[in-house]
Amino acid sequence: MNRTDGTPPTPPPAPQHKRLARTAAPATGLKPERVMIGIPVSPGVAIGPVFGASEPAAEITRFKIHAADIAAEGARLEAAITQSRRQLGKLRGRLTVLPEESQAEIAPLIEAYIRMLGPSRLIRGVKKRIEDSLMSAESAVVAEADAIAATIVSHAEQGQTAEDRAGSRRQAEEVREIGRRLVRNLTHAPFRSFAGLPSGAVLFSESLRPADAALLDPAKLAGVVTEEGGADGHTAVMLRALGVPAVLGVAGAGHAIKPGDTVVIDGTAGMVIVNPTAETLAASRKMVTAFARERQRYARLRRLPAETEDGEAIQLQANLELPVELPLIAQSGAVGIGLLRTEFLFMNRETVPEEDVQAESYRTIVEAMNGDPVTIRVLDWGGEKEIEALSAAGIVPDIADTNPALGLRGIRLLLRQPELFETQLAAILRAAAFGPVRVMLPMVTNVAEVRAAREIYERVARRLRRRGDRLPERLPPLGIMIETPGAALSADALALEADFFAIGTNDLTAYTLAVDRGESEVADLYDPLHPAVLRLIQFATEAALRMRRPVSVCGEMGGNPAIVPLLMGMGLRSFSMNAAAVPRVKQVVRGVEIDACVRFARRVMEQADPATIREMIAAFAKENA
Ligand code: PEP
Ligand code: MG
């Protein structure tokens with residue numbers, strides 16, 4: 001799915017190195033400077049000597065066993081499982097030395113690994129391969145982990161959102177990772193050690209496991225470079241959580257970077273400079289200082305109110321797609337979750353999750369938010385969001401046979417599948433006993449859908465009360481996404497039925513301009529600053545304000561610091577965004593006056609050309625920077 005919204009990009013947190021591959025005269029006169037490009041996974045600039053931490057591959061030499069050895073092979077596997085659990089238990093113990101936020105990020109992953117060593121699909125599959133196919137324990141582990149990971153990835157590649165695909169890749173990586181640990185223990189291959197890592201060094205290795213990342217001491221380590229790995233993996237998530245600048249997936253780094261070399265790594269631009277010249281070093285040192293200042297400013301911002309210069313309070317919330325993002329939300333300074341996309345619960349599983357499973361998951365999130373509100377959107381199946389468990393259960397048609405964006409999507413599907421809808425509503429209502437919750441309906445186009453949904457919602461609540469479940473005295477508000485032109489243009493009528501609105505500018509842009517969000521051929525036409533989109537946002541916002549209904553923006557536009565003042569000028573006071581955007585948006589909010597935003601919005605709304613609008617937005621951002 002294409003999440004680029006065609007708007008001015010979010011400004012980088014610090015000045016960036018220019019992304020130019022080059023070689024130049026060396027500082028020392030010995031080795032030439034070399035610039036390499038990789039994937040920026042954790043922002044910041046670091047300078048230091050390279051510490052190489054390679055790990056010999058675990059070699060498998062025994063593939064088959066005799067039938068008489070099945071029991072002995074099973075015992076070897078059990079011993080490796082016990083040893084792996086012990087290692088992970090030790091790792092978990094070591095987390096206490098990390099900053100609290102990093103611990104919160106890393107601990108769930110270690111727990112997931114430990115769970116996988118229990119009676120999991122992986123371990124069951126490995127045992128079966130040993131018994132039925134007479135495979136050695138190590139080859140059974142590799143085969144089973146690969147098979148499970150391949151299934152996860154192939155399901156995921158069938159058309160979910162980019163975020164979902166990233167989540168699935170992470171899940172596949174978890175399975176492979178625990179497989180590798182078992183193989184290492186089965187073959188007695190040594191694990192990498194960081195014992196000799198000098199303070200201030202940049203770690204280089206071909207690849208880095210998430211568990212390795214958990215062993216790193218962010219206070220000692222300047223940065224990380226690897227030859228393999230990507231932006232979505234757990235290793236990347238962990239390095240971000242540790243706040244260590246990192247560039248992964250630097251092709252050819254193994255040849256170009258030698259232990260002891262001085263390197264500059266720019267985790268924001270995805271650049272590694274080996275043997276920098278004196279000039280590069282001086283510029284990079286300035287960037288290190290600028291970045292540290294920027295970070296301090298954002299950390300201070302977290303505690304400051306999101307309030308304009310003239311004292312108008314603005315609500316900044318986070319969108320949540322996967323529970324692993326919870327610690328990032330806590331760090332961001334967001335006050336609550338403005339959009340909890342619940343699709344993650346339905347993905348990468350063979351069956352639809354039961355009420356108890358869903359209730360537990362929502363409850364965890366609600367409790368983690370410590371009294372801040374959580375807006376839970378019910379399942380938004382359809383469009384580019386395909387879910388295997390629903391196809392397997394025959395609940396949805398084959399997405400390939402329909403025009404998914406215009407078909408049975410969001411609330412339309414839920415109203416056709418009341419059991420699915422009721423189960424989810426029941427789970428959300430149960431979680432609402434643990435903190436403030438709002439329920440949100442996706443892809444609404446008419447009032448009848450809201451009325452029908454409310455009837456079901458109230459019926460579910462009555463049933464739960466009869467059953468003796470603990471529910472909040474007043475039912476959580478039931479609101480809707482405004483993400484179709486139909487909904488935007490009937491916002492006045494919808495405001496009579498819905499308790500709140502959240503404007504989903506991603507789909508609203510796509511449906512208004514008839515541009516598929518994931519279609520690269522027409523990506524240049526996907527423009528949220530098109531006057532038609534802006535007018536729909538304005539119309540819906542004004543209708544909500546007239547009817548005194550809370551209204552927010554939760555599409556990508558709401559997290560773009562350059563665009564938020566325009567939306568504030570239209571009357572919006574609530575935005576929900578990717579957690580990383582919260583400090584940048586807050587900084588902009590604190591630097592503008594509402595009156596200036598209103599005057600600016602008036603001028604913008606007179607324009608017909610998106611290019612002019614874009615220029616005006618850039619100029620306004622510059623004036624108020
Ligand atoms: C939107 O359409 O703007 C939105 C927030 O929903 P999603 O991106 O999940 O479709
Ligand atoms: Mg949407």
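Side chains included, hydrogens not; waters and symmetry mates left out as well; all remaining heavy atoms used. Start at 1 and go down the list; that is how both ligands and their atoms are numbered. Just so you know, residue 1 is the first one in the sequence shown, and it goes up from there.
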TODO: Would you give the length of the straight line joining atom CD of E483 to atom CG of D380, rounded to the nearest 0.5 angstrom?
DONE: 6.0 Å
- [ ] Pull out every atom of ligand 1 sitting under 4.0 Å from any heavy atom of L339, numbered as shown with elements.
- [x] 5 (C)
Task: Under 3.5 Å donor-acceptor, R430 side chain and A359 backbone - done: no
Open item on the list: Tell me which pairs pass side chain to side chain donor-acceptor pair (under 3.5 Å) where either residue lies in residues 591-606, with sequence neighbours left out.
Closed with: none
Open item on the list: Please state which option from R341, M443, E321, R409 has its nearest heavy atom closest to atom 5 (C) of ligand 1.
Closed with: R341
Task: All salt bridge (charged side-chain N to carboxylate O under 4.0 Å, His left out) counterparts of R115, not counting sequence neighbours - done: none
- [ ] For the atoms OD2 of D507 and OE1 of E483, give the angle they form at the Mg ion (ligand 2), rounded to 10 degrees.
- [x] 100°
Task: ligand 1 atoms in contact with R377 (distance to a heavy atom under 4.0 Å) - done: 6 (O), 7 (P), 9 (O)
TODO: Could you see which bit of L508 sits under 4.0 Å from ligand 1, with heavy atoms only: side chain, backbone, both or neither?
DONE: neither
Open item on the list: With a 3.5 Å distance limit and no angle check, can you tell me whether K586 reaches the backbone of L316 through a side-chain donor-acceptor pair?
Closed with: no
- [ ] Report, in ascending order of atom number, the atoms of ligand 1 lying under 4.0 Å from any heavy atom of M481.
- [x] 4 (C), 5 (C), 6 (O)
Open item on the list: Below a 4.0 angstrom heavy-atom separation, can you tell me which part of T505, side chain or backbone, both or neither, approaches ligand 1?
Closed with: backbone
TODO: In plain terms, say whether R573 and E312 are close enough for a salt bridge, that is, a side-chain N and a carboxylate O under 4.0 Å apart.
DONE: yes
